[in-house]
Structure formats: C-alpha cells, structure tokens
Amino acid sequence: MTQFTRLLKTRTLALVLCAASSGAGAWGNHTLAAYRAFENMPEVAKAAPVAAEPLDVFLKAQEKPIEALLREQEIWAISHVNAYPPRPAALAFTADPSRSDEARRKAFFMALRIAANSKFTLYFQDDAKNQAKPQDGSPPLDNGDVSTLPAAKASPYKYFALKPGDKVAPLQVVASASYEPDYGLDINVWEDSPGDWGKLYGFGKLPFGNPRLSFSTQAPFHMGFYHEDRILYLAAPFLKRTFPLLRVNQYAGLAALAFKTGHDYWGWRFTGLALHYVQDMTQPYHANLSPGSSTTGLLWTNALSMGGFPKKRDETVTLLSNRHLALENYQGRILQQADASGSARAINQALGNSAADAQYPAWNAFYVRDVVAKESYDYGAQLANHIVEAMPGAYVSDPKFDFGAQGEGIDLPSELAKQEASKRAALEASVVELMGRFGAHSRNAVRGILKAAGK
C-alpha cells in the first residue's frame, strides 16, 4: 500500500475519492493527441510560421493592456466562478516599465496566481508520428528545462529548444503548450502548500488531497465537479472549489490579446495553455466524483466508515484510483504507437474528425463547464462499466491491488489484445468516443479564441 493510499484512508469518503482521483493525470501527454486533433484543421495546420518570442518581450511590450485585461478578468471571476476567492489586491498586475524583466515576469505569475517558478521556456515537443525537427537542428532539452516536476521514468517524450526569432509552426506551438500546465504551473498555490507563493495567493487551504504531494496541489485546477448531486455539495462543500473555468478564461483572454497586438507566438502558446484544461475535462474521472457510483451508495459507504466500518470506503478509494490510472495507461500507450495501426489508427482518426464539431454550441466563457464537463459527467457510469468489463479484474476490480504502486511496466493495450474482441470492443469504442470529443472541443476552443482575436 502506498503512503498516498494510507493517507487517503484517514479522510471522509468524499474527500478521499477526490484525493484518489487527483493522483493521476487526465490524458497522459496532451501534445500527441493535440497534433492529431489539429493536423488537418486549416486555421492551425496552414497558419503561417511564427517567430519564437521570450515571454519577457511580450510582457514588456504590452504591460498596460495586460494590466487592463487581468483587472477585467478578476472582476469577471468574482461574478461568475463559483466559490472563487478574490485575488489579494497587492497581487494585481500594474504596469511599471522601469522594473527588471525578472520582476515583471514574477508579477505576472503572481497576478495569475500560478507557480512563481514556472519555466515558460522557448521549446516545442516532438510529434511521435511525424518526427518533425527544427531546420537548424536545435538541441534537445531535458525535462528539467521545461518543467519544475520530475520526469516519469523512461519518458519517451522529446523536447527541442527554440531561440528568439526562430520560425516555428503554430501547430507545434499549440500542441506543445497543451501539455504545459502539467509541467508545474498549478503546483503549490495553496495556503498550506510548501514554498512561499501559495501563502500569498489567497486561495485558502487545498480543498482536497494531500498538500505535501505536488500532483494533489494542481488537481483543483484540472478537475471540475460542476454537476454532482446537490446533496453531495451539502455533505462536501469543498467540491465546489475547482477552477478549470478560471484557468481557461485567463489563458484564452491572454491568447486573444497576444493575437490582437501582433504577438502571434504567444497567441498560439496561450491558446495551448487554455486548451489543456478543456481537454482535461473531457476525461470523465476529472468531471465525475465517482463514475459508476450512486449518490446513495456514496453516502451509505461514508456512513459505514464514520460508524467504525471503513472497509467499504477503503475498497472504493482503491478501485476508483485503479480505474482512473488504468484508463490513462491504456489511452496513453495507444497514442504512443507511432505506426498508426489498429486501435491507434482508430483513435488518431477520431481525434482529427471534425464532423461532430458543429453539434456543440459555439465557444463561450462557460463552454468548459456547461458543455465539456457536463458531457463527461454524464458519460462516467458507462465508461466505468466498460473498464470493469474489458480490463483484467486483477487491475480494476481487486482492491488488494494498487495500480499507482504496482502498475509500472503494465502495458494494457498488449494485455487487452490477448482477450476476445467482444470483451474489449466496448472499451475501445469508449476511448475512441472520448478522443473524438477531445478533438472537437479543442478545435471549437481554438475557433472561439481566434474569433475573439478578430482572426
């Protein structure tokens, strides 16, 4: 049993379920999926190359417009983001052309209330399918050059440096940036977080999870429990303190401003950052507290635990975490199959299929909550059922197994390939369906941002 699981089992049911979910990412590497989602979208794939530009250049050139935008965004968040804690007045971004680039950048991070040590390196991530490289042979980068978090063991992802002025395809910029919020941007921003900045940001204490575990501290920005039963909010009001809606609107607004003012590199880069949270919410385990569980069942399990019978609670926690991690293992490994055959081919086609884009409402400020999260929440029970039916029971139905501690090296696509086709067909169809939504919502977000920018 991992230390994380032991910590979970000391909390009430609703809290541990959130914490169990916070241990995993949504869709693994967003960049690989984003390349497939945009490679046939003319607005992105055929957009003219842009010149890489350091963040400091954009911030210095547009200090006054950024000041006005962040002020407007704060007013909007206070009025429209549920349970939003207003930003302390001292953190407002104020134009000051006399300060250093470092001071200006720090002020910008603190006004957004993101990690003060965020990198924002000039880089792009390679496309595993096409193996695109910069023409000038820019050197590869280490994980630590782009992220404040440790790399996964044997990470297959490749990063390449860009110099100021290098021409880069918007597809590479937006796809690479769509994974960037998982590089530490939302880490330790809470009052009880390690480090200094969280104590200044005014978000309060971490609403769920363990504040000493970095992945837990980003979870409330990457998960959105907007559509649970009202009684669960009464039992666990902290569920309302999830903020992907905030991050989407912050970065989408910055993207539109960058495009309007001729900083197209940062237009695409901020677009990618906004997309990350939209894409996270296409994962039902990020929008549904406990996919496949009824409200009555959750409350009964919690009552048993509080009455001194925690076994059911502990098992529920473990199984929820295992299914979340197993889904990510399955989807992530398929995306890494660069040969685009079999299941990989079906997923790649779904990601790039724009036929369903128009079935959704036009992009708006609440799209990630009202459209993406609602769709994912409603799909949770069906997905959980397909996971249980198709995947080996030892991984997803046995509470004695901990996928987080024991799952390294498991290759679920290979294991499922050995099973009867009928047993895995429904799960494969579900993942294809979810990747189709990933692509559609990503493209609709890009259309909305470009429209807001007048492009």
Side-chain angles (χ1 to χ4, degrees), residues 1-8 19-33 125-129 131 140 142-144 146-147 149-159 179 182-183 210 213-216 218-219 283 285-286 314-315 317-348 383-384 386-421 423-424 427-428 430-432 434-435:
M1 182 187 302
T2 65
Q3 180 183 9
F4 184 34
T5 303
R6 286 194 292 270
L7 285 168
L8 292 180
S21 298
S22 72
W27 288 124
N29 191 306
H30 289 235
T31 295
L32 303 184
Q125 183 183 322
D126 194 16
D127 178 359
K129 176 182 175 184
Q131 296 293 312
D142 292 330
N143 180 82
V146 300
S147 175
L149 301 176
K153 293 181 180 179
S155 172
Y157 310 132
K158 298 178 182 179
Y159 307 97
Y179 194 25
D182 278 345
Y183 297 164
N210 180 359
L213 299 175
S214 60
F215 53 76
S216 284
Q218 79 169 22
Q283 219 283 37
Y285 281 86
H286 277 232
D314 295 349
E315 292 178 347
V317 169
T318 301
L319 294 178
L320 178 65
S321 179
N322 287 352
R323 292 166 188 175
H324 187 164
L325 288 164
L327 176 65
E328 183 182 351
N329 175 293
Y330 179 73
Q331 177 268 353
R333 287 178 179 270
I334 288 177
L335 271 181
Q336 292 171 30
Q337 296 174 9
D339 62 359
S341 62
S343 298
R345 181 177 182 181
I347 285 180
N348 289 340
L383 175 65
H386 292 163
I387 290 173
V388 171
E389 289 183 350
M391 291 190 176
Y395 298 153
V396 298
S397 298
D398 182 358
K400 295 188 293 295
F401 179 80
D402 184 339
F403 206 105
Q406 302 167 258
E408 185 176 353
I410 293 175
D411 184 347
L412 279 175
S414 295
E415 295 206 22
L416 265 65
K418 302 172 186 176
Q419 297 207 39
E420 295 178 18
K423 290 186 176 181
R424 65 174 187 267
L427 177 62
E428 289 181 354
S430 282
V431 175
V432 168
L434 291 172
M435 289 294 93

**Asked** To the nearest 0.5 Å, what is the distance between CD1 (Ile334) and CZ (Arg345)?
**Response** 15.0 Å
**Asked** CG of Leu427 to CD of Gln331: how many Å apart, nearest 0.5 Å?
**Response** 11.0 Å
**Request:** Not counting sequence neighbours, which residues clear salt bridge (Lys or Arg N to Asp or Glu O under 4.0 Å) with Arg333? List them please.
**Result:** none
**Prompt:** Taking the inter-plane angle between the rings of Tyr395 and Phe401 on a 0 to 90° scale, is it parallel (under 30°), tilted (30 to 60°) or perpendicular (over 60°)?
**Reply:** tilted
**Prompt:** Is there a side-chain contact between Tyr285 and Leu383, using heavy atoms and a 4.5 Å cut-off?
**Reply:** yes
**Request:** Locate the shortest heavy-atom distance separating Ala390 from Leu416; write the atom from each residue and the value.
**Result:** O-CG, 4.1 Å
**Complete:** Hits for side-chain contact (heavy atoms from CB on, under 4.5 Å) against Val432, two or more places apart or cross-chain, chain-then-number order -> Ala346, Ile347, Ala350
**Asked** How many angstroms lie between atom CZ of Arg323 and atom CE of Met391, to the nearest 0.5 angstrom?
**Response** 11.0 Å
**Message:** Could you tell me if the side chain of Trp27 sits less than 4.5 Å from the side chain of Leu327, heavy atoms only?
**Reply:** yes
**Prompt:** Minimum heavy-atom separation for Asn329 to Pro413, with atom names?
**Reply:** OD1-CD, 4.0 Å
**Message:** Looking at Asp411, is its backbone amide N or carbonyl O close enough to the side chain of Glu415 to form a donor-acceptor pair, meaning the two atoms are under 3.5 Å apart?
**Reply:** no
**Sidechain-backbone polar pair: Asn143 side chain, Tyr183 backbone, donor-acceptor under 3.5 Å** = no
**side-chain contact (heavy atoms from CB on, under 4.5 Å) assessment of Leu32 paired with Tyr157** = CA-CA 9 Å; Leu32 303 184; Tyr157 310 132; 4.1 Å; yes
**Request:** Any chance you could measure Arg424, atom CZ, to Ser430, atom OG, to the nearest 0.5 Å?
**Result:** 14.5 Å
**Request:** Grab the two heavy atoms, one from Ala326 and one from Leu412, that are nearest each other, plus how far apart they are.
**Result:** O-CD1, 3.3 Å
**Prompt:** Rounded to the nearest 0.5 Å, what separation is found between the OH atom of Tyr159 and the OG atom of Ser147?
**Reply:** 7.0 Å
**Asked** Below 4.5 Å, heavy atoms only, C-beta onward: do His324 and Gln283 meet side chain to side chain?
**Response** yes
**Request:** Return the minimal non-hydrogen interatomic distance between Leu335 and Ala33, and the atom names on each side.
**Result:** CD1-CB, 3.8 Å
**Complete:** Across all chains, not counting sequence neighbours, the salt bridge (Lys or Arg N to Asp or Glu O under 4.0 Å) partners of Asp398 are Lys400
**Asked** Is the shortest heavy-atom distance from the side chain of Asn29 to the side chain of Gln125 under 4.5 Å?
**Response** yes
**Message:** So, taking the atom named CG in Leu319 and the one named CD1 in Ile387, what distance separates them when rounded to the nearest 0.5 Å?
**Reply:** 11.5 Å
